[in-house]
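What follows is one structure encoded as structure tokens, with my remarks underneath.
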Amino acid sequence: MGNNVTNLPKPRKTNQKREWTWESFIDAWQTSESYDEVLEKMGFENTPQERSFIGVKASYARKKGVPLKKLQRKSRNSKIDWNGLADLAKSKTSE
């Protein structure tokens, strides 16, 4: 018979207490150019969890009719020259 061991999921961290109000959130969001600025203005750490938290709050506010502006997200792999790679690929197919 096989190994009958049950792997339990990792225990979840308890929700941390964040001090914020909708008014302070909207003020920080509308006067910022990036998630980093919002986090700084709100006094939150710049972690994936906190970035997700403010993104979810912005989405929720928009669904409730609050016209929040769109913030620029960090571009992933921004150092990659995609146009150059496209040209390289095209040049290799014509050989």
**Message:** Minimum heavy-atom separation for Ser32 and Lys69, please, with both atom names.
**Reply:** O-NZ, 2.7 Å

**Asked** So, Asp36 and Arg51, do they make that salt bridge, N to O below 4.0 Å?
**Response** yes

**Stepwise side chain to side chain contact (heavy atoms under 4.5 Å, CB included) check, Glu40 with Glu45** = CA-CA 7 Å; Glu40 185 178 326; Glu45 290 183 41; over 6 Å; no

**Asked** Is a side-chain donor or acceptor of Glu50 paired with a backbone partner of Asn46 at a separation under 3.5 angstrom?
**Response** no

**Item:** Considering all heavy atoms, the nearest Asp81-Gly84 contact
**Value:** OD1-N, 3.0 Å

**Asked** Which value, rounded to the nearest 0.5 Å, describes the distance between Phe25 atom CZ and Gln30 atom CD?
**Response** 9.0 Å

**Message:** Can a donor-acceptor pair be found, under 3.5 Å and without considering hydrogens, that links the side chain of Trp29 to the backbone of Ala58?
**Reply:** no

**Request:** Provide the closest heavy-atom pair for Ala61 versus Trp22 in the form atom of the first, atom of the second, distance.
**Result:** CB-CZ3, 3.9 Å

**Message:** Rounded at 0.5 Å granularity, tell me how far CZ in Phe53 sits from CZ in Arg18.
**Reply:** 4.5 Å

**Request:** Give, for atom NZ of Lys57 and atom CG of Leu68, the distance between the pair rounded to the nearest 0.5 Å.
**Result:** 13.0 Å

**Message:** Can a donor-acceptor pair be found, under 3.5 Å and without considering hydrogens, that links the side chain of Thr31 to the backbone of Asp27?
**Reply:** yes

**Request:** Test side chain to side chain contact (heavy atoms under 4.5 Å, CB included) on Val56 and Ser59 and set out the steps.
**Result:** CA-CA 5 Å; Val56 167; Ser59 177; 5.6 Å; no

**Prompt:** What distance do Met42 atom CE and Ile54 atom CD1 have between them, rounded to the nearest 0.5 Å?
**Reply:** 8.0 Å

